[in-house]
Amino acid sequence: MTTEATADARPIPTADWVTIADLYANPYPIYQRMRADAPVHWVPAVGRYMVVGYHACHEIEQDQERFSADETGSLMKRSMGHSMLRKDDPEHEVERKSYGGVLRPRAIKQHWTEVFQRNARTYLDRLKDAGSGADLIAEFAAPYAAENLRLIMGFRDATQEDMQRWSQTMIDGTGNYADDPDVWAKALTSSQEVDEAIDQLLPYYRDNPDGSLLSQLADMPISLEAVRANMKMTIGGGLNEPRDALGTMVWALLSNPDQLQQVLQDGRWADAFEESVRWVAPIGMYPREATRDTVLDGVMVPKGARLGVVIGAANRDPAVFEDPETYNINRPKQPHLAFGGGNHFCAGTWVARASVMQVAAPMLFDELPNLRLDPYNSAKDAGWVFRGMLSLPVHWG
Ligand code: HEM
């Protein structure tokens with residue numbers, strides 16, 4: 001593929017018909033229209049070049065020389081500090097390696113799976129004690145994901161509610177394009193609370209090591225500023241996504257009883273999980289910046305272009321996925337981009353898979369007999385930068 005600017009590359013079309021409100025409500029018809037025209041569009045409402053084609057997104061992920069993660073004017077840096085997610089190698093690699101094996105399969109098998117099972121039991125018992133109906137997001141998926149992350153990260157004096165508040169307010173800062181001072185104030189308060197917690201915990205873990213992330217980082221030759229930023233990014237990136245993956249998976253299976261039957265009969269939780277995050281990518285878009293004039297999948301991208309890598313659209317590209325708008329656990333295997341790719345490939349992939357597909361989803365269907373959608377209160381999904389279920393009212397028994 002040609003990577004430098006050439007005369008025959010297409011100019012980028014402008015999608016001035018796209019609005020943030022429409023994207024938030026349901027981005028998929030918008031992505032269909034954009035993809036049919038070109039893999040990249042300038043979108044004035046978003047202030048970015050939105051990359052909606054699978055091959056173009058994949059090309060960006062694999063090439064940090066042309067597409068840097070260190071974006072100019074990044075709101076994420078302002079909200080959470082300069083984390084590894086907004087750095088290129090070699091700086092990024094040093095910080096990524098500082099996480100050691102804490103989030104990797106061996107630690108998950110030896111240590112974390114048991115923790116996930118205990119947490120799932122706690123919130124499942126609360127559901128059962130409270131009756132025969134609930135909002136599965138607020139009453140199970142959110143506290144479960146938050147408590148798992150709290151323990152993995154080692155925030156021993158915080159609560160799962162703190163984790164949810166920290167995560168949401170700092171994510172709101174990352175998306176504060178309107179520059180709302182109230183949003184910044186809340187993000188700053190959370191950021192300071194996290195800094196204080198880290199400052200107290202690092203000396204503690206030097207004397208009392210355990211398997212948590214903060215314990216792993218306590219003796220690492222990484223600056224305090226970087227540790228703080230990476231912890232905040234991980235709070236922002238490790239809570240809502242498993243929550244949303246679980247919510248989407250349960251909703252999709254309850255809406256497709258024939259597929260649910262196959263999953264229950266043959267234990268196809270992995271197929272159901274991968275198809276869920278393909279169908280609705282919990283992180284729908286993330287940023288990159290072009291370091292030079294370049295050609296991306298046949299279109300001209302200028303140096304300095306602020307790009308939105310729309311993996312939510314790439315995962316439904318009909319050039320790669322047959323009948324992409326449909327949830328189908330039986331589709332031919334094809335790698336999705338929900339966990340990103342290249343050097344920033346999600347560090348928490350194995351945590352997400354273990355906590356959602358191995359533990360929480362099977363337990364929910366096993367222990368809540370005749371689990372079904374509430375016919376009177378419909379489930380609500382929304383979002384495009386992050387997308388998931390806002391509420392999922394269900395009944396059982
Ligand atoms: C279904 C759940 C999840 C999804 C869909 C997801 C998705 C992603 C994506 C797309 C990226 C790359 C973003 C970019 O390149 O700008 C990423 C990075 C990251 N994720 Fe996840 N994530 C999930 C769960 C988690 C969990 C549970 C954790 C932590 C326990 C986590 C920790 C991270 C970290 C630390 C990075 C930064 C990696 C780096 O910069 O090298 N994620 N995630």
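Positions are given from 1, in the same order as the sequence printed here. Each ligand, and each atom within it, is numbered from 1 in the order the structure gives.
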Item to complete: Go through ligand 1 atom by atom and flag the ones less than 4.0 Å from a non-hydrogen atom of Ala352.
Response: 1 (C), 2 (C)
Practice prompt. For ligand 1, indicate whether the residue Leu85 contacts it via side chain, backbone, both or neither (heavy-atom separation under 4.0 Å).
Written response: both
Worksheet item: With a cut-off of 4.0 Å, which atoms of ligand 1 are near a heavy atom of His92?
Response: 39 (C), 40 (O), 41 (O)
Discussion item. For atom 39 (C) of ligand 1, tell me which residue out of Glu95, Arg96, Met233 has the closest non-hydrogen atom.
Written reply: Arg96
Practice prompt. Taking only heavy atoms of Ala338 into account, list the atoms of ligand 1 that are under 4.0 Å away from them.
Written response: 5 (C), 7 (C), 10 (C)
Worksheet, complete the sentence: Atoms of ligand 1 under 4.0 Å from any heavy atom of Gly340, numbered from 1 in the order shown, are 10 (C)
Item to complete: To the nearest 0.5 Å, tell me how far His92 NE2 sits from Ser83 OG.
Response: 9.0 Å
Practice prompt. Report yes if Arg288 has an N/O atom closer than 3.5 Å to an N/O atom of ligand 1; otherwise report no.
Written response: yes
Worksheet entry | Asp258/Gln262 under side-chain hydrogen bond (donor to acceptor under 3.5 Å, both in side chains): CA gap, chis, key distance, verdict | CA-CA 7 Å; Asp258 49 332; Gln262 291 178 45; 5.3 Å; no
Fill in: Element-labelled atoms of ligand 1 that are located less than 4.0 Å from some non-hydrogen atom of Gly237
24 (C), 25 (C), 31 (C), 42 (N)
Fill in: salt bridge (Lys or Arg N to Asp or Glu O under 4.0 Å), paired with Glu71, selected from Lys77, Arg306, Arg78
Arg306
Discussion item. Please report whether ligand 1 has a polar contact with Glu241, defined as an N or O pair separated by less than 3.5 Å (distance criterion only).
Written reply: no
Response to the item:
Candidates Ala69, Cys346, Ala145; heavy atom nearest atom 17 (C) of ligand 1 found on Cys346
Fill in: Where ligand 1 meets Ala245 - atom numbers and elements under 4.0 angstrom, heavy-atom basis
1 (C)
Discussion item. I want to know if ligand 1 touches Thr234 in the polar sense, i.e. an N/O pair below 3.5 angstrom.
Written reply: no
Worksheet item: Applying the 4.5 Å side-chain criterion to the ILVMFWY set and letting contacts propagate, would Val102 and Met220 be lumped into a single cluster?
Response: yes
